[in-house]
Amino acid sequence: MRILLVEDEDEMAELLRSALVRHSIIVDHASSLEIALEASLSHNHDAVLLDRKLPDGDGLSLIPQLRKQSPAMPIIVLSALGSLDNRVTGLDEGADDYLAKPFSVDELMARLRAVLRRPAQMRSETLALGDLVFEPEHSTVRIKGKPINLPRRELLALEALITRAGRTVSRDTLEQAVYGFDDDIASNALDAHLSRLRRKLVAARVEIHAIRGIGYLLREV
Ligand code: CA
């Protein structure tokens with residue numbers, strides 16, 4: 001899962017980023033409206049966490065553009081402007097939820113799970129292929145019923161492949177799913193993650209089939 005975090009205060013951004021990363025979420029961090037817009041145009045996000053008082057304007061002004069690109073994407077406003085009026089304005093402007101600062105990270109994670117559980121996202125659906133079972137909501141992987149721990153990037157690659165099982169996934173789509181906006185991607189890094197993942201999937205009778213020049217396909221052996 002990939003989230004756009006729009007927040008200009010470094011300390012707050014770091015706190016949220018580390019909490020999200022612990023849940024195996026890719027975080028694209030933007031410290032202004034301009035950077036947020038650029039990030040939202042270059043990547044698909046599963047949700048947006050949006051601060052209001054940003055150096056170049058009110059975060060709420062970004063909502064119409066985000067909605068135009070991705071109508072069903074959950075947007076949670078995180079703001080020190082926590083009065084009832086402010087919260088009503090935020091929801092009227094199209095936010096799915098509005099959390100007043102200060103808030104606890106646990107509450108934010110709970111709200112995030114709640115907005116991502118909505119039917120449009122269908123995130124709670126368990127995916128199975130061969131002897132592999134993947135539960136997107138908790139990012140858990142089982143092979144023949146036994147839970148296995150995958151490093152974060154392998155988990156993200158598997159999520160991207162299994163949600164499109166039987167279809168070809170382009171290299172670009174995979175890179176977007178596995179790496180953040182700020183990550184430097186070494187040209188062969190994705191291949192290294194995929195080759196480690198491929199070895200682990202042998203036991204599940206599932207293979208990552210590479211189609212030269214086109215992409216990758218996850219299929220049952
Ligand atoms: Ca701010």
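Numbering of ligands and ligand atoms starts at 1, following listing order.
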*Asks:* Classify the side-chain pair Y216/R164 by whether it contains a donor and acceptor separated by less than 3.5 Å.
*Replies:* no

*Asks:* Tell me, please, which residues at least two apart from S70 pass side-chain contact (heavy atoms from CB on, under 4.5 Å).
*Replies:* M73

*Asks:* Check all N, O or S atoms of D51 and name the one closest to the Ca ion (ligand 1).
*Replies:* OD2

*Asks:* Taking 3.0 Å as the cut-off, does an N/O/S atom of L54 lie below it from the Ca ion (ligand 1)?
*Replies:* no

*Asks:* Table please: side-chain donor-acceptor pairs of residues 203-215 below 3.5 Å, with sequence neighbours left out.
*Replies:*
residue : atom : partner : partner atom : Å
R205    : NE   : D131    : OD2          : 3.0
R205    : NH1  : E220    : OE2          : 3.4
R205    : NH2  : D131    : OD1          : 3.3
E207    : OE2  : R219    : NE           : 2.6
E207    : OE2  : R219    : NH2          : 2.7
H209    : ND1  : R219    : NH2          : 3.4

*Asks:* Relative to the Ca ion (ligand 1), which of the N, O or S atoms in D8 is the closest?
*Replies:* OD1

*Asks:* What atom name does the N, O or S atom of E9 nearest to the Ca ion (ligand 1) carry?
*Replies:* OE2

*Asks:* Say you draw a straight line from OG of S40 to CG of L66; how long is it, rounded to the nearest 0.5 Å?
*Replies:* 5.0 Å

